[in-house]
K.L.:
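First the structure, then my questions, so here it is.
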Number of protein chains: 2
Amino acid sequence: MLEHKVKLAIVDDHLIVLEGLQKLLTSAGDIEIAGSFTTGNAFIEFLKSNTVHIVLLDITLPDVNGMDLCREIKKIAPDTHVLGLSNHSERSMIVQMLHNGATGYLLKNVSAEELTQCIHEALNGQVTFSKAVREIMARPSMSELKGVPQLTKREKEILQFIADGKTTSAIAAELFLSPLTVETHRKNLMQKFEVKNVAALIKEAVQRHMI
Amino acid sequence: MLEHKVKLAIVDDHLIVLEGLQKLLTSAGDIEIAGSFTTGNAFIEFLKSNTVHIVLLDITLPDVNGMDLCREIKKIAPDTHVLGLSNHSERSMIVQMLHNGATGYLLKNVSAEELTQCIHEALNGQVTFSKAVREIMARPSMSELKGVPQLTKREKEILQFIADGKTTSAIAAELFLSPLTVETHRKNLMQKFEVKNVAALIKEAVQRHMI
DNA sequence: ATTAAAATCCGGGAAAACCAGTAGTTGAAA
DNA sequence: TTTCAACTACTGGTTTTCCCGGATTTTAAT
């Protein structure tokens with residue numbers, strides 16, 4: 001009977017992925033596709049007047065960030081389970097999604113069987129990951145364990161200038177500061193990233209998409 | 001009649017994408033899915049004994065790089081058209097695919113109509129891009145126009161060490177070289193990247209996935 | 001065998017960064 | 001009002017990088 005089926009929604013910016021997921025899930029008899037959305041806001045509008053048991057949620061969306069959207073979904077519909085479904089494989093992304101209320105996380109290389117299984121586990125309230133995500137979670141890198149350094153507004157500004165190749169005195173002139181002030185900010189940045197020079201600083205910052 | 005249909009293959013590591021593309025293309029009556037492959041080698045084996053008029057080819061595959069695969073496909077089957085279909089939106093990637101023999105390039109946010117249209121244009125021998133790719137090609141950034149610097153083996157090695165935060169004298173000790181040698185390599189690296197200091201060098205290198 | 005590229009090393013100097021602290025002011029939070 | 005964080009600036013020094021050339025040797029390509 002229809003009311004016993006799982007109402008599932010899909011939010012992804014790629015039509016190809018929407019079609020593929022629908023095809024994969026249609027053969028799972030107990031899942032009903034409640035809707036497919038290419039933007040976060042379209043889904044939020046839908047959610048306000050429809051019941052969705054579980055949503056497959058991409059992180060990269062054209063209008064909002066999937067992580068922020070996750071938080072918003074949980075506000076509007078706390079009983080709706082959210083499964084992240086993305087190509088982003090960084091542990092920090094995965095953890096952030098869970099922190100924002102997601103019940104699980106899958107990479108897009110998930111198999112059909114796994115997808116269905118994860119959906120059911122999530123509906124049972126189990127935190128669930130696809131195999132590839134479990135492997136990532138099982139061996140975190142040092143930088144992932146450390147977390148992302150929290151920078152002040154000025155530090156971010158200085159960091160951007162440094163990455164653009166500007167010297168301390170050039171930055172000072174541009175921001176109407178003393179070069180000694182800029183030096184202090186550099187020192188603080190290097191302490192936060194636990195590095196000893198600018199090369200390592202910029203590498204870490206770029207790899208964490210802070211620049 | 002069957003023999004008048006376009007024989008199309010799909011190579012993508014994501015099952016979801018394979019299913020989605022098949023669903024989208026099945027409704028286009030004149031296209032026949034000759035096969036779907038999640039690895040480059042599987043497709044190459046197939047291609048050796050089957051006719052494929054056109055292939056939709058992802059760049060990120062588990063066993064080979066899609067760009068190298070493109071070149072190999074054109075060697076084995078010069079008449080097979082290759083359309084890149086990827087999330088990679090860097091102009092350098094697009095140009096490299098064309099350089100390796102692709103007839104066109106689409107981003108995965110392509111619409112169903114566009115997909116079909118691009119397939120037909122490619123079959124007509126026209127270099128074709130999805131709308132999003134045309135926009136990218138219409139306004140290249142300075143760094144994209146410059147191309148990726150070609151580094152020697154030693155330069156790559158030195159660059160990696162620099163990015164790891166090592167000083168010139170530390171690198172020299174590790175490689176059993178004179179610090180002056182390392183200095184010269186640094187100088188050459190900065191000339192190739194057209195930057196003035198290590199911060200800008202590392203930023204460029206990381207952003208181009210050279211580190 | 002010849003040529004070209006890569007790799008090596010150097011002089012001399014100036015500029016810039018890094019180090020390890022210290023301290024005052026301002027604005028936001030409690 | 002008080003406390004705290006952010007931002008500011010400084011001392012005195014050392015280390016490192018960048019600059020602008022130049023040159024020889026080794027390896028790879030022709």
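Every chain is numbered from 1, with letters handed out A, B, ... down the list of sequences.
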K.L.:
Between D:dC7, D:dC18, C:dA17, spot the one nearest the side chain of B:Glu183, thanks.
P.N.:
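Nearest listed nucleotide: D:dC18.
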K.L.:
How many Å lie between CZ on A:Arg186 and C1' on D:dT8, as a whole number?
P.N.:
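From A:Arg186 CZ to D:dT8 C1': 17 Å.
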K.L.:
Whole Å only: how far is the NZ atom of A:Lys153 from the P atom of C:dA28?
P.N.:
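Interatomic distance, NZ of A:Lys153 to P of C:dA28: 11 Å.
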K.L.:
With the side chain of A:Leu177 defined as its heavy atoms from C-beta on, choose the nearest nucleotide among D:dT17, C:dA7, D:dA9.
P.N.:
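Of D:dT17, C:dA7, D:dA9, D:dA9 is nearest to the side chain of A:Leu177.
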K.L.:
Nearest nucleotide by nearest heavy atom, which residue falls closer to the 5' end of DNA chain C, B:Val182 or A:Lys166?
P.N.:
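Counting from the 5' end, the first nearest nucleotide belongs to B:Val182.
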K.L.:
Taking only the side-chain nitrogens and oxygens of B:Ser178, find out if one of them lies under 4.0 Å from OP1 or OP2 of C:dC10.
P.N.:
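Affirmative; the distance criterion is met.
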K.L.:
Touch check for A:Lys187, heavy atoms < 4.0 angstrom, all strands: base, sugar-phosphate only, or nothing?
P.N.:
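Base, at least one base atom sits under 4.0 Å.
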K.L.:
Check the distance between D:dT8's P and A:Ile171's CD1 and give it to me in whole angstrom.
P.N.:
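That distance rounds to 12 Å.
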K.L.:
Whole Å only: how far is the CD atom of B:Glu157 from the P atom of C:dA6?
P.N.:
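Distance check: B:Glu157 CD to C:dA6 P gives 15 Å.
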K.L.:
Could you give the CZ-to-P distance, from B:Phe176 to C:dA7, as a whole number of Å?
P.N.:
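Computing the B:Phe176:CZ to C:dA7:P distance gives 18 Å.
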K.L.:
Which heavy atom of A:Leu106 sits nearest to which heavy atom of A:Cys118, and what is that distance?
P.N.:
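Answer, listing the atom of A:Leu106 first, then A:Cys118: CD2-SG, 3.6 Å.
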K.L.:
Could you please name the option among D:dT11, D:dT17, D:dT8 that lies closest to any side-chain atom of A:His185?
P.N.:
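Output: D:dT8.
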K.L.:
If you only use heavy atoms from C-beta on, which nucleotide in D:dT16, D:dC18, C:dT8 is closest to the side chain of B:Met190?
P.N.:
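From the listed options, D:dC18 comes nearest.
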K.L.:
Determine whether B:Leu201 and A:Ile202 make a side-chain contact, defined as any pair of heavy atoms from C-beta on separated by less than 4.5 Å.
P.N.:
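Side-chain contact under 4.5 Å: no.
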K.L.:
In terms of side-chain geometry, is the basic nitrogen of B:Glu157 or B:Arg154 positioned less than 4.0 Å from the acidic oxygen of its partner?
P.N.:
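Looking at B:Arg154 together with B:Glu157, the answer is yes, because their closest N to O distance falls below 4.0 Å.
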K.L.:
Check the distance between C:dA7's C1' and B:Leu189's CG and give it to me in whole angstrom.
P.N.:
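In whole Å, C:dA7 C1' and B:Leu189 CG are 13 Å from each other.
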K.L.:
Would you say B:Thr168 places a side-chain N or O within less than 4.0 Å of OP1 or OP2 belonging to D:dT16?
P.N.:
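Answer is no, no contact under 4.0 Å.
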K.L.:
Could you tell me if A:Thr152 and A:His185 have a donor-acceptor pair between their side chains, going purely by distance under 3.5 Å?
P.N.:
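Not at all, the side chains of A:His185 and A:Thr152 share no donor-acceptor pair under 3.5 Å.
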K.L.:
Return the value, rounded to whole Å, for the distance between atom CD1 of A:Ile158 and atom P of C:dA17.
P.N.:
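Going from A:Ile158 (CD1) to C:dA17 (P), I get 12 Å.
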K.L.:
Out of C:dA17, D:dT16, D:dT11, which has the shortest distance to the side chain of A:Leu180?
P.N.:
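Shortest atom-to-atom distance from the side chain points to D:dT11.
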K.L.:
Quick check: on DNA chain C, is the nucleotide nearest B:Pro179 upstream (toward 5') of the one nearest B:Thr152, or the reverse? Name the residue that is more 5'.
P.N.:
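The residue mapped nearer the 5' terminus is B:Thr152.
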K.L.:
Provide, to the nearest angstrom, the distance between the CD atom belonging to B:Gln191 and the C1' atom belonging to D:dT17.
P.N.:
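Distance check: B:Gln191 CD to D:dT17 C1' gives 15 Å.
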K.L.:
Will you find, in the side chains of A:Thr168 and A:Glu183, an N or O donor that is under 3.5 Å from an N or O acceptor?
P.N.:
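Checked: A:Thr168/A:Glu183 side chains pair up, N/O donor to acceptor below 3.5 Å.
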K.L.:
Between B:Ala199 and A:Thr181, which is nearer to the 5' end of DNA chain D once each is assigned its nearest nucleotide?
P.N.:
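Looking at DNA chain D, the more 5' nearest nucleotide goes with A:Thr181.
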